[in-house]
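Worksheet for the structure shown next.
All values below come from the heavy atoms of this structure, side chains included, with hydrogens, waters and symmetry mates left out. Numbers for residues simply follow the sequence, beginning at 1. In this text, all values refer to a predicted model and were calculated from it rather than measured experimentally.
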Amino acid sequence: MVDTDSGWDGRGGRGSRGTRDTGGTWGVRGARAPDALPDRRVAAPDRRFALPGRRVAAVSLVALAALATGCEPGTATGAPEASPPVRPTQAAAPSPTRTAPVTEDAKPRTAPPPSPSVSTTPPAPAPATARPAPEPSTAPPPRVLMRTGSESDRVRELQARLRQIGHFGRNPTGYYGSVTADAVRSFQAKRSLPVTGSTDEVTWQRLLAMTRVPKAAELRPPTERPLAAPDERCLKGRVLCISKNSRTLAWMIDGKVVSAMDVRFGSEYTPTREGVFEVFWKSRNHVSTLYDTPMPYALFFSGGQAVHYSADFAANGYGGASHGCVNVRDKKKVAALFDQVRTGDKVVVYW
């Protein structure tokens, strides 16, 4: 039903589709033409759509609330986004029984400042009975008499005394190497002395008190190993008779042993050659041009292979090998041998 007195055609169209009442100037949108006079007639309200005053106010409040907050998530079209009001809240006390799990992503990059009301300093421990700190010792350390690298008759005596009580398992050589250092450590550990491997005054005096003076045969035994039966090629003339089986060298003249000493040979990669040779060159203070190592008292018999003193053999025993030479670990014996052997004397190397 259309109210003809209001000038509204009831269709809600725009522009020319609206009609005007002949007695008024209201158009479709309720705008009044400038050349028209106001129509003082007032259309009677349609009672079907009339609402009581209180209901109108309530409906208006609901409409405003819906426009301000929206009925669905998001922001109402055309209205500025409003942040929810911030209410002051009181910090809740931490729960003593439940704590929120902290994940790696939740860990702050920097530690927050400590709360002024909560102390982060751990409680001080109860004072214990203070003990006076021990005063540092002002006594100088005992003087070292022998150490790795030493070589003397005193070292030979040390080795002989250590052997008497089971700490040195070979004949004395007079050279203080790793084997001797290990023997000294064993002695020091058993007697609750500082385990250094070097022989200081305290270690030496303790050893002297536990052992006797070594005999000449203990200080300079002919060899650590028993001599092998000489090869028949060694029974005539002046011969260096060298046995790979017993690892000994016997200096023989016309079938008699003048002196004997322990020797070692080359490895499987640089073996000592076997056969009958002769000494063709003697070099007292020789240094290997191939390996840049000392070869004192060298007696060359086959190419670059020679009988000579080896400090490594004296220190480490049969744990190593030569590059093909015949190593001697008793320096005094090989020095005496060097003086006795002549160029042209026979050398026999055999098993």
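Looking at heavy atoms from C-beta onward, Lys333 lies out of side-chain contact with Ser259 at the 4.5 angstrom threshold. When side chains are defined from C-beta on, Arg154 counts as touching Leu145, because their heavy atoms get closer than 4.5 Å. Between Val347 and Ile242 the shortest side-chain heavy-atom distance falls below 4.5 Å. Side-chain contact between Leu158 and Val184: present, with at least one pair of heavy atoms (C-beta onward) separated by less than 4.5 Å. In this structure, Trp204 and Leu208 have side chains that are in contact, with non-hydrogen atoms separated by less than 4.5 Å. At a threshold of 4.5 Å between non-hydrogen side-chain atoms, the residues Thr199 and Thr180 do not count as touching.
Listed by first then second residue, pairs satisfying salt bridge (charged side-chain N to carboxylate O under 4.0 Å, His left out) with a partner in residues 233-251 read Asp231-Arg233, Arg238-Asp345, Lys244-Glu274, not counting sequence neighbours. For the salt bridge (charged side-chain N to carboxylate O under 4.0 Å, His left out) condition, the pairs that include at least one residue of residues 206-223, sequence neighbours left out, are Asp153-Arg220, Arg212-Glu218. Listed by first then second residue, pairs satisfying disulfide bond (SG atoms under 2.5 Å apart) with a partner in residues 224-310 read Cys234-Cys241, not counting sequence neighbours. Applying the disulfide bond (SG atoms under 2.5 Å apart) rule to pairs touching residues 153-208 yields nothing, sequence neighbours excluded.
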request  = Quick one: do His308 and Asn327 satisfy side chain to side chain contact (heavy atoms under 4.5 Å, CB included)? Show the steps, please.
outcome  = CA-CA 5 Å; His308 68 85; Asn327 292 163; 3.3 Å; yes
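Side-chain atoms of Ser150 never come within 3.5 Å of backbone atoms of Met146 as a donor-acceptor pair (strictly under, hydrogens ignored). Gln305 places no side-chain N or O within 3.5 Å of a backbone atom of His323 that could act as its donor or acceptor partner. With hydrogens and angles ignored, the 3.5 Å screen pairs a side-chain donor or acceptor of Ser322 with a backbone N or O of Gly266.
The only member of Glu151, Gln159, Lys331 that meets side chain to side chain contact (heavy atoms under 4.5 Å, CB included) when paired with Thr173 is Gln159.
Residues that satisfy the salt bridge (charged side-chain N to carboxylate O under 4.0 Å, His left out) test with Glu201, not counting sequence neighbours, are Arg143. For Arg170, there are no salt bridge (charged side-chain N to carboxylate O under 4.0 Å, His left out) partners, not counting sequence neighbours. Applying the salt bridge (charged side-chain N to carboxylate O under 4.0 Å, His left out) test to Arg156 and every residue at least two apart in sequence or in another chain returns Asp330. Qualifying salt bridge (charged side-chain N to carboxylate O under 4.0 Å, His left out) partners for Asp312, counting only residues two or more places apart in sequence or in other chains: Arg264. Every residue two or more places apart in sequence or in another chain was checked for a ring pair (Phe, Tyr, Trp, His ring centres under 6.0 Å) with Tyr176, and none qualifies. In this view, Phe277 and Phe301 satisfy the ring pair (Phe, Tyr, Trp, His ring centres under 6.0 Å) rule, not counting sequence neighbours.
To the nearest 0.5 Å, atoms CG (Asn171) and CE (Met261) are separated by 13.0 Å. If you take CZ on Arg163 and CD1 on Ile165, they are separated by 13.0 Å, rounding to the nearest 0.5 Å. To the nearest 0.5 angstrom, Arg147 atom CZ is 10.0 Å from Asp200 atom CG. Rounding to the nearest 0.5 Å gives a distance of 8.0 Å between OG1 of Thr211 and CG of Leu162.
Summarising the geometry of Tyr297 relative to Ala335, their closest heavy-atom pair is CZ-CB, 3.6 Å, with the distance given to 0.1 Å. Residues Tyr350 and Ala228 come closest through the heavy atom pair OH-CB, 4.4 Å. Residues Val239 and Val348 come closest through the heavy atom pair CG1-CG2, 3.8 Å. Minimum interatomic distance between Thr272 and Cys325 (heavy atoms only, all atoms of both residues): OG1-O, 3.6 Å. Between Ser243 and Phe265, the closest heavy-atom pair is O-CZ, 3.6 Å. The two atoms that bring Gly177 and Ala315 nearest to each other are CA-CB, 3.5 Å, heavy atoms only.
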Side-chain donor-acceptor pairs of residues 337-344 under 3.5 Å, sequence neighbours excluded:
{"from": "Asp339", "atom 1": "OD1", "to": "Arg284", "atom 2": "NH2", "distance (Å)": "3.1"}
{"from": "Gln340", "atom 1": "OE1", "to": "Trp251", "atom 2": "NE1", "distance (Å)": "2.9"}

Please tabulate, for the side chains in residues 185-197, all donor-acceptor contacts under 3.5 angstrom to protein atoms that are two or more places apart in sequence or on a different chain.
{"from": "Arg185", "atom 1": "NH1", "to": "Asp182", "atom 2": "OD1", "distance (Å)": "2.8"}
{"from": "Ser186", "atom 1": "OG", "to": "His167", "atom 2": "ND1", "distance (Å)": "2.9"}
{"from": "Gln188", "atom 1": "OE1", "to": "Thr196", "atom 2": "N", "distance (Å)": "2.9"}
{"from": "Gln188", "atom 1": "OE1", "to": "Gly197", "atom 2": "N", "distance (Å)": "3.1"}
{"from": "Gln188", "atom 1": "NE2", "to": "Thr196", "atom 2": "OG1", "distance (Å)": "3.4"}
{"from": "Gln188", "atom 1": "NE2", "to": "Ser198", "atom 2": "O", "distance (Å)": "3.0"}
{"from": "Gln188", "atom 1": "NE2", "to": "Thr203", "atom 2": "OG1", "distance (Å)": "3.1"}
{"from": "Arg191", "atom 1": "NH1", "to": "His167", "atom 2": "NE2", "distance (Å)": "3.2"}
{"from": "Thr196", "atom 1": "OG1", "to": "Ser198", "atom 2": "N", "distance (Å)": "3.2"}
{"from": "Thr196", "atom 1": "OG1", "to": "Ser198", "atom 2": "O", "distance (Å)": "3.3"}

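Val307 and Phe313 fall into different hydrophobic clusters, where Ile, Leu, Val, Met, Phe, Trp and Tyr residues are linked whenever their side-chain heavy atoms come under 4.5 Å apart, directly or through other members. Residues Tyr309 and Val263 share a hydrophobic cluster, clusters being chains of Ile/Leu/Val/Met/Phe/Trp/Tyr side chains in contact below 4.5 Å. At a threshold of 4.5 Å between side-chain heavy atoms, the hydrophobic network of Ile, Leu, Val, Met, Phe, Trp and Tyr places Leu299 and Val258 in one connected group. Tracing side-chain contacts under 4.5 Å through hydrophobic residues (I, L, V, M, F, W, Y), one reaches Met295 starting from Phe280; they form part of the same cluster. Ile253 and Val334 fall within the same hydrophobic cluster, defined by Ile, Leu, Val, Met, Phe, Trp and Tyr side-chain heavy atoms under 4.5 Å apart, directly or through other members.
The aromatic rings of Phe300 and Trp281 lie parallel to each other, their planes meeting at an angle below 30°, with 60° marking the opposite boundary.
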